[in-house]
Q: 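If you scroll down you'll find the structure; I have some questions about it.
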Amino acid sequence: MVKTSLFVTFEGGEGAGKTTLMDRLQSTLKSKGFDVLRTREPGGTSLGDKIREILLNPDPLLTIGPKAELFLFLAQRAQHIEQVIQPALSQGKIVLCDRFTDSSVVYQGKARHLGMDFVQQLSATALGDISPELTFFLDVDPSVGLTRTRDTDKENALKGDQDRIEGEGLSFHQLVREGFHHIAKDNPNRCTIIDAMQSKEQVFEQVYPLILKVLEKKHD
Ligand code: T5A
């Protein structure tokens with residue numbers, strides 16, 4: 001087993017193709033002998049999974065204001081880092097994480113109007129010294145992404161029900177997309193924007209070599 005710690009995050013709007021890409025990256029990296037931990041937010045721990053159920057519950061009677069929503073995301077992240085991410089990195093694993101702090105900055109900071117700087121500053125407490133070395137932002141037109149998730153939900157016999165955040169209007173999801181572009185522009189060394197309107201194969205072929213390059217550098 002090859003031991004190389006690397007923290008990689010995957011970001012983007014709804015239905016951008018993160019799960020699809022991460023499935024392939026996980027199996028390919030494992031087949032090359034790397035020790036890979038795959039995780040996601042909200043979630044990744046028992047507490048995180050319970051908070052996820054609350055955050056994504058579409059029940060209109062369950063009111064969650066923007067600040068409460070943010071603190072729930074930060075609470076699950078603090079637990080996720082302490083219980084899962086930090087230990088895995090200390091053990092020399094590659095951590096592939098579906099969404100992380102950039103999602104809070106964009107969804108709660110930009111689209112919920114709490115302020116991107118405000119969310120970034122508040123997140124620092126949960127993060128400690130953990131930050132992703134690489135972030136891939138899968139960029140897709142929100143109307144295309146939302147159609148993809150609806151089609152997947154139907155295939156999974158969920159009658160096309162949308163979760164609480166997915167169900168926000170198109171303008172909300174357009175703000176999300178703008179927010180990710182803003183972060184990518186401000187962090188060119190960490191973030192790469194990937195055109196997620198391309199085929200699944202093309203998306204993988206762009207991302208995988210960039211991860212390998214960083215892993216090779218670590219072995220030099
Ligand atoms: N959130 C999260 C916040 O508001 N703040 C935070 O701090 C955090 C961490 C999470 C929600 O929480 C919010 C953001 C989200 O709204 P989730 O269920 O985890 O909810 O939602 P997503 O992360 O958006 O996951 P999705 O499953 O909706 O999207 P994926 O994983 O990006 O997409 P994927 O791979 O499942 O693909 C969807 C469909 O598209 C197809 C797939 O086959 C699938 O059918 N597909 C493609 N089709 C054509 N071309 C391609 N290139 C394709 N790639 C995939």
Side-chain angles (χ1 to χ4, degrees), residues 7 9-20 22 37-86 95-128 130-132 135 137-138 140 142 145-146 148-150 152-154 156-180 183:
F7 185 23
T9 58
F10 299 84
E11 300 279 5
E14 316 298 313
K18 297 180 286 22
T19 308
T20 306
M22 290 174 73
L37 178 110
R38 159 93 174 268
T39 188
R40 70 169 178 182
E41 291 200 355
T45 64
S46 302
L47 175 68
D49 287 340
K50 289 207 183 303
I51 293 177
R52 179 184 177 90
E53 282 171 30
I54 297 171
L55 280 165
L56 301 187
N57 187 339
D59 180 355
L61 296 177
L62 178 64
T63 304
I64 306 177
K67 279 193 184 148
E69 182 178 274
L70 171 63
F71 281 111
L72 286 169
F73 276 113
L74 296 184
Q76 64 82 37
R77 184 161 306 128
Q79 187 66 28
H80 193 201
I81 290 171
E82 192 180 317
Q83 193 180 330
V84 175
I85 298 175
Q86 177 73 74
V95 176
L96 304 178
C97 188
D98 189 342
R99 299 194 180 280
F100 198 62
T101 300
D102 293 332
S103 278
S104 302
V105 173
V106 164
Y107 280 81
Q108 283 64 55
K110 173 94 177 169
R112 295 280 196 226
H113 306 292
L114 289 177
M116 293 175 77
D117 289 344
F118 171 74
V119 175
Q120 190 74 62
Q121 282 160 20
L122 214 55
S123 298
T125 321
L127 291 177
I130 291 286
S131 67
T135 297
F137 160 39
L138 270 57
V140 70
L146 288 166
R148 285 183 188 169
T149 58
R150 269 177 221 135
T152 313
D153 288 348
K154 273 184 207 145
N156 293 341
L158 292 175
K159 297 183 200 131
D161 282 352
Q162 291 183 303
D163 72 45
R164 197 176 60 85
I165 298 177
E166 243 171 49
E168 291 292 343
L170 198 55
S171 58
F172 175 92
H173 293 291
Q174 268 152 356
L175 285 177
V176 166
R177 188 183 195 189
E178 278 173 31
F180 279 126
I183 290 181

Q: Can you check whether T19 reaches F10 side chain to side chain, under 4.5 Å on heavy atoms?
A: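 Counting from C-beta outward, T19 and F10 never come under 4.5 Å.
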Q: OG1 of T45 to CD1 of I81: how many Å apart, nearest 0.5 Å?
A: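 Those atoms lie 11.0 Å apart.
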Q: Nearest 0.5 Å, please: how far is NZ in K110 from CZ in R177?
A: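 Answer for the CZ-NZ pair, R177 versus K110, is 13.5 Å.
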Q: I want to check something: taking the side chain as every heavy atom from C-beta on, are E168 and E14 in contact at a cut-off of under 4.5 Å?
A: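 No, their side chains stay 4.5 Å or more apart.
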Q: Where is the tightest heavy-atom contact between T135 and T9, given as atom of each residue plus distance?
A: OG1-OG1, 2.7 Å
Q: Say you draw a straight line from CG of D98 to OG1 of T39; how long is it, rounded to the nearest 0.5 Å?
A: 9.0 Å
Q: Can you see which heavy atom on Q108 is nearest to which on R112, and at what distance?
A: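 So the two residues come closest at O-CB, 3.2 Å.
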Q: Step by step, would you call F137 with V106 a side chain to side chain contact (heavy atoms under 4.5 Å, CB included)?
A: CA-CA 12 Å; F137 160 39; V106 164; over 6 Å; no
Q: How many angstroms lie between CD in Q120 and CG in D102, if you round to the nearest 0.5 Å?
A: 7.0 Å
Q: Is the F73 to Y107 ring centre distance short of 6.0 Å?
A: no
Q: Please name the pair of heavy atoms, one in N57 and one in L62, separated by the smallest distance, quoted to 0.1 Å.
A: CB-CD2, 3.8 Å
Q: Compare every heavy atom of L56 with every heavy atom of D163, then report the nearest pair and how far apart it is.
A: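 Reported closest heavy-atom pair: CB-O, 3.3 Å.
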Q: Decide yes or no for F100 and V95: does some side-chain heavy atom of the first lie under 4.5 Å from some side-chain heavy atom of the second?
A: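 F100 vs V95: side chains apart.
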Q: Would you say that Q174 contacts L170 through its side chain, given a criterion of any heavy-atom pair below 4.5 Å between the two side chains?
A: yes
Q: Rounded to the nearest 0.5 Å, what separation is found between the CD atom of Q162 and the CZ atom of R150?
A: 4.5 Å
Q: OG1/T101 to CD1/I183 distance, rounded to the nearest 0.5 angstrom?
A: 9.0 Å
Q: Indicate yes or no for a side-chain donor-acceptor contact from H173 to the backbone of E166 under 3.5 Å, with no hydrogens or angles considered.
A: yes
Q: Apply side chain to side chain contact (heavy atoms under 4.5 Å, CB included) to the pair Q76 and L72, showing each step before the final yes or no.
A: CA-CA 6 Å; Q76 64 82 37; L72 286 169; over 6 Å; no
Q: For the residue pair S103 / E11, report whether a side-chain donor-acceptor contact shorter than 3.5 Å exists.
A: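 Looking only at side-chain atoms, S103 and E11 do form a donor-acceptor pair, the distance falling under 3.5 Å.
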Q: Quick one: does P66's side chain get under 4.5 Å of H113's, heavy atoms only?
A: no
Q: Would you check if the side chain of R164 reaches a backbone N or O of L55 as a donor-acceptor pair within less than 3.5 Å?
A: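 At least one qualifying donor-acceptor pair exists.
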Q: Identify the two heavy atoms, one from C97 and one from H80, that lie closest to each other, and give their separation to 0.1 Å.
A: SG-CE1, 3.9 Å
Q: Taking atom types as modelled, find out whether S123 and R77 have a side-chain donor-acceptor pair closer than 3.5 angstrom.
A: no
Q: Measure from the side-chain N and O atoms of R52 to the backbone N and O of L47, and report whether any donor-acceptor pair falls under 3.5 Å.
A: no
